[in-house]
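The structure under discussion appears below in the form of structure tokens.
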Amino acid sequence: MSRPAAREPRRLIRWWRRRSLRARLTVISATAIALSVFVAFQVASQLLGSELQDSAKDQLRADSRVLATNAQRAGLAQVQLPPYPGSGRLVRVILPDGTTRTPAGQPTLPPVSEHAERVAHGSSADLMESNDSDEDGYLIYTLRAGDGAVQVAHVADDSPINQFGFGMLMIGLLCVAGGALVGRTVARTGLAPIDRLTAAAVHVAHTRDLDADIPDEGGGEIRRLIQSINNMLAALRDSRRAQRLLAEDAAHELKTPLTSLRLNVELLIRLNRRGTLDTALPPESRTRLLNDLGAQVAELSTLVAELTDLARGDVSDESTELLDLADVVAAAVTRARSRAPDVEVELDVTSVWVSGRPAALERAVLNLVDNAGKWSPADQPVQVRLRAEDAWVVLEVDDAGPGIDAADVPRVFDRFYRADSARALPGSGLGLSIVQRVVDAHGGRVGVHRSARGGALLRVDLPAAAPPAPPAPIAPIAPVTAGEGTAAS
């Protein structure tokens, strides 16, 4: 097949795909009705033709029997053959010598066939045959009579079938036109919810108005589609609201350390311009001011890092791997001890395996230990326990602090939420929110409980994974002694 010929179906497919759904439904409806009418016409024509032919054959047999009876009574040569009236059946008598007699004025019939001659000679009783070699087709019935035979012929007339076909054509055209009209009406009615859905989507795209819910109408697939779009709009509204709240909360949380940092920096700049930096601030005050600046910068860095982690959510470039959670917990505790040397942390961990992102899990454990360290008394250590429990890995961080009030438990994992008792402590209120996000991303769960020591016990459950198979031992290589192996030539 040449390339131009191969491109034609593709062009037709592209053209069809560019048509609107309403136009496709209209064309499909009209085509289906046209095919139905065509098939019905073919079947009806075959049935009508067969019925007409059977009727004509029956009539020929009846007329032949009458003519054969008269011929046997009067003889083939003397039987009376009335003049041809100008229409109707055609008759012919075949004499024993092979000659024929026909009525006066009758059209000439086709020559007597060999099969008809055998009937006249007594080889067969009768014969039904058709002759379409001439301009007019004939249906000829030959019947044995006396020493010869009689023939009655019928001129094949297709006018009833042609009239029937013309009528079916007119009906088909009307049905196709009506089918196209009905198909377009049905398409317009059925696609009306889609049109309204499209208009609502265009409105949302142009105005950015996510509060415009689409009316729930129709049924079946249309209704499910509308509900899906409304659910998507609701999710977009929640996402935009969450982004706005995150921006507002971040601005609020950043305002305090930035204001303090700006005031301290302005004080240093003003004293430096006056040249009284060394005299106006004694060494103790200068050291304290610099320490405050360092603490404020560290607080800002921590807050920005937590905001970044929270904004990224489940999106991370870090790949998931099979890891021993005991190593992750140990690394997080080491970092917590370096950040808060005064806080004692006790470890009680066993080797348990999970599938996860090590950096994200270490960040979550570090936040849990940091949070417990804020509340734990100086003489009471923070206890970190890790164990396997059925199909789960359980991590518990236990402190001996005052615990979490029952009113604060439902909101303890909310962003920027800080209980009244924690307002004076450092922190942004994002640590536990990041913990919940990481645990949810790993298919786990996190909860707050009352510790046996009176403080808070935060428990994390993660799905356990099968540990990796140990490597197969390498078989030792036997030493080669002198005389073994292949000698060099």
Side-chain angles (χ1 to χ4, degrees), residues 36-175:
S36 300
V37 172
F38 176 76
V39 171
F41 167 71
Q42 292 295 328
V43 173
S45 297
Q46 292 293 332
L47 293 176
L48 179 61
S50 177
E51 184 67 25
L52 291 176
Q53 192 173 42
D54 291 343
S55 178
K57 289 178 179 180
D58 293 340
Q59 186 64 41
L60 290 179
R61 290 188 181 97
D63 293 343
S64 296
R65 285 193 293 269
V66 173
L67 181 59
T69 301
N70 294 334
Q72 288 177 353
R73 290 176 181 174
L76 294 174
Q78 289 78 26
V79 66
Q80 185 178 2
L81 298 178
Y84 181 67
S87 63
R89 65 189 177 95
L90 306 175
V91 298
R92 180 167 57 187
V93 176
I94 304 176
L95 300 175
D97 59 359
T99 60
T100 61
R101 294 180 57 212
T102 57
Q106 177 177 284
T108 303
L109 286 171
V112 178
S113 66
E114 294 180 2
H115 299 288
E117 289 179 354
R118 284 199 290 270
V119 174
H121 294 158
S123 300
S124 178
D126 62 347
L127 172 68
M128 183 71 72
E129 59 184 340
S130 61
N131 188 308
D132 297 329
S133 60
D134 299 326
E135 183 177 354
D136 294 329
Y138 292 94
L139 185 63
I140 305 174
Y141 182 69
T142 305
L143 181 64
R144 173 78 173 168
D147 295 334
V150 296
Q151 287 186 324
V152 179
H154 171 74
V155 180
D157 186 7
D158 294 334
S159 58
I161 297 179
N162 294 334
Q163 292 176 359
F164 173 75
F166 180 76
M168 289 293 292
L169 176 63
M170 294 295 101
I171 294 175
L173 292 176
L174 291 176
C175 290

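One is the number of the first residue; the rest follow in order along the sequence. Atoms considered below: every heavy atom in the structure, side chains included; atoms not considered: hydrogens, waters and symmetry mates. Values in this document were obtained by computation on a predicted structure and should not be read as measured data.
Annotation: side chain of R61 is in contact with side chain of Y141 (closest heavy-atom distance under 4.5 Å). A heavy-atom distance below 4.5 Å is found between the side chains of L139 and M128. Here the side chains of I94 and V112 are in contact, with some heavy-atom distance below 4.5 Å. At a threshold of 4.5 Å between non-hydrogen side-chain atoms, the residues P110 and Y138 count as touching. Residues M170 and L174 have side chains not in contact (no heavy-atom distance under 4.5 Å, counting atoms from C-beta outward). Looking at heavy atoms from C-beta onward, H154 lies out of side-chain contact with L90 at the 4.5 angstrom threshold.
Nearest heavy atoms, Y84 versus R89: CE1-O, 3.6 Å. A pairwise comparison of heavy atoms in L81 and V91 identifies CD2-CG2, 4.4 Å as the closest pair. Heavy-atom minimum distance, T142 versus A149: CG2-CB, 4.0 Å. Summarising the geometry of R101 relative to V79, their closest heavy-atom pair is NH2-O, 2.9 Å, with the distance given to 0.1 Å. The two residues E129 and A116 make their nearest non-hydrogen contact at OE2-CB, 4.0 Å. Looking at every heavy atom in both residues, I140 comes nearest to A153 through CG1-CB, 3.8 Å.
Side-chain contact of R118 with H121: a donor-acceptor pair under 3.5 Å is absent, judged by distance alone. Side chains of Q151 and S64: no donor on one and acceptor on the other come within 3.5 Å.
With rounding to the nearest 0.5 Å, the separation of CD in Q53 from CG in D58 is 11.0 Å. The distance from atom CZ of R92 to atom OG1 of T108, rounded to the nearest 0.5 Å, is 9.0 Å. To the nearest 0.5 Å, atoms CD (E51) and CD (Q46) are separated by 13.5 Å. Rounded to the nearest 0.5 angstrom, D97 CG and D147 CG are separated by 11.0 Å. L60 CG to D126 CG: the interatomic distance, rounded to the nearest 0.5 Å, is 12.0 Å. For the atom pair L76 CG and T99 OG1, the distance stands at 10.0 Å (nearest 0.5 Å).
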